[in-house]
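Input: a single structure, listed below in structure tokens.
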Amino acid sequence: MRTPTLACVPEGPVAVPDAVRRLAGDDAVTPVWRNVLGGLTFRISGPAAGSGQEAERFVKWVTAGTSGLDLDGEAERLAWAGAYVTVPTVLERGRDATGTWLATRALPGRSAVDPVWVARPAAAARAVGAGLRALHDALPVADCPFTWGAAERSARLSAAGRRDLGEVPAIDRLVVCHGDACAPNTLIDDDGTWSGHVDLAALGIADRWADLAVASMSLGWNYGDGYEAEFFDAYGITPDAERIAFYRRLFQLD
Ligand SMILES: Nc1ncnc2c1ncn2[C@@H]1O[C@H](COP(=O)(O)OP(=O)(O)O)[C@@H](O)[C@H]1O
Ligand SMILES: [Mg+2]
């Protein structure tokens with residue numbers, strides 16, 4: 001079972017891979033995130049003018065041999081989605097014997113789980129809801145080459161998992177889902193408006209409840225109970241208990 005709450009800002013020293021050092025040149029490297037599978041994200045910041053480099057960029061790093069993290073698939077999805085919504089622009093991707101990396105241009109705003117937003121959970125929950133709605137409204141299903149449907153995800157489960165999951169509910173509305181709409185993957189501007197989305201490795205066509213169920217659940221991990229109503233209201237939808245329960249089960253089993 002997934003325990004996404006464990007994804008967090010790394011505590012203590014983090015070894016910076018050689019490839020990330022090389023990408024940084026003389027600029028500062030700060031570890032900002034470690035996910036449940038051990039993948040790391042670093043922020044690189046340096047002087048903007050005249051350096052020929054972006055002032056701020058992010059590098060996701062996956063150590064060789066780690067399964068379940070697909071930076072190539074993420075880069076493809078970022079390139080596709082970037083034509084319609086604000087997502088990171090890919091600057092470079094590569095691999096060596098020790099791992100793979102994906103460097104992107106920094107988006108404006110702070111993660112919805114930055115301390116600034118954890119201190120204002122109702123506003124953050126609204127921004128996450130409005131941001132998800134805008135993403136679903138903007139991405140065209142007809143042009144999307146990626147899928148994230150419940151049937152295909154369920155087919156990858158064990159027989160026991162499929163039994164626990166139960167029947168896939170009828171589709172409410174097919175959209176291009178984010179694929180991991182947890183709160184940390186929405187960025188929010190200082191005025192409380194969502195400013196972009198990150199972490200699109202699983203983006204694909206699915207019922208919108210696949211994202212709604214997970215995004216609303218993640219609010220509890222990051223802000224505590226009591227913010228789901230704000231989220232659903234900002235998205236503009238009435239919670240559907242049955243589909244929410246199904247897609248949360250699928251997320252946990254997946
Ligand atoms: N291009 C970017 N601009 C701004 N912040 C970013 C960018 N890329 C990553 N981040 C920050 O790093 C965090 C981790 O990146 P993410 O892609 O979500 O990795 P993971 O797959 O490990 O969750 C994000 O929650 C966000 O705060
Ligand atoms: Mg993330």
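All figures in this text were calculated on a predicted structure; none of them were measured in a lab. Both ligands and their constituent atoms are indexed starting at 1 by order of listing.
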Return yes or no for this condition: an N or O of P184 is under 3.5 Å from an N or O of ligand 1.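 P184 vs ligand 1: N/O contact under 3.5 Å present.
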For ligand 1, which is the ligand I care about here, please tell me if L107 has any N or O atom under 3.5 Å from one of the ligand's N or O atoms. yes
Does the side chain of [Y] come within less than 4.5 Å of [X]'s, by heavy atoms?
{"X": "T30", "Y": "F42", "answer": "no"}
{"X": "L139", "Y": "W80", "answer": "yes"}
{"X": "V175", "Y": "I205", "answer": "no"}
{"X": "D180", "Y": "L203", "answer": "no"}

For H136 and D211, test the side chains for any donor-to-acceptor distance below 3.5 angstrom and give the result as yes or no. yes
Just by distance, with hydrogens left out, do R248 and S216 show a side-chain donor and acceptor under 3.5 Å apart?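 Looking only at side-chain atoms, S216 and R248 do form a donor-acceptor pair, the distance falling under 3.5 Å.
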Working note: D189 + R110, criterion salt bridge (Lys or Arg N to Asp or Glu O under 4.0 Å); need CA distance, chi angles, decisive distance, verdict. CA-CA 6 Å; D189 256 338; R110 305 167 199 266; over 6 Å; no
Here the N/O/S atom of D199 closest to the Mg ion (ligand 2) would be OD2
Sub-4.0 Å heavy-atom contact, R105 with ligand 1: yes
Report, in ascending order of atom number, the atoms of ligand 1 lying under 4.0 Å from any heavy atom of [X].
{"X": "N35", "answer": "20 (P), 21 (O), 22 (O)"}
{"X": "A106", "answer": "1 (N), 3 (N)"}
{"X": "S111", "answer": "27 (O)"}
{"X": "P88", "answer": "1 (N)"}

How does [X] reach ligand 1, if at all, at less than 4.0 Å between non-hydrogen atoms: by side chain, backbone, both, or neither?
{"X": "L187", "result": "side chain"}
{"X": "T41", "result": "side chain"}
{"X": "V198", "result": "side chain"}
{"X": "L69", "result": "neither"}

Tell me whether the Mg ion (ligand 2) has N35 as a neighbour, meaning an N, O or S atom of it below 2.8 Å. no
Please say whether the positively charged group of R95, taken as NZ for Lys or CZ for Arg, lies over the ring of W101, i.e. under 6.0 angstrom from the six-membered ring centre and within 45 degrees of the axis.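 Verdict for W101: no cation-pi partner in R95.
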For F231, does the six-membered ring have the charged nitrogen or CZ of R126 within the cation-pi criterion, i.e. under 6.0 angstrom from the centroid and within 45° of the normal? no
Taking atom 6 (C) of ligand 1 as the point of reference, which of F42, W33, W61, F58 owns the nearest heavy atom?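 That would be F58.
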Option with minimal heavy-atom separation from atom 21 (O) of ligand 1, where the choices are K60, E74, R57, R34: K60
When the ring planes of Y223 and Y227 are compared, do they come out parallel, tilted or perpendicular, using 30° and 60° as the limits? perpendicular
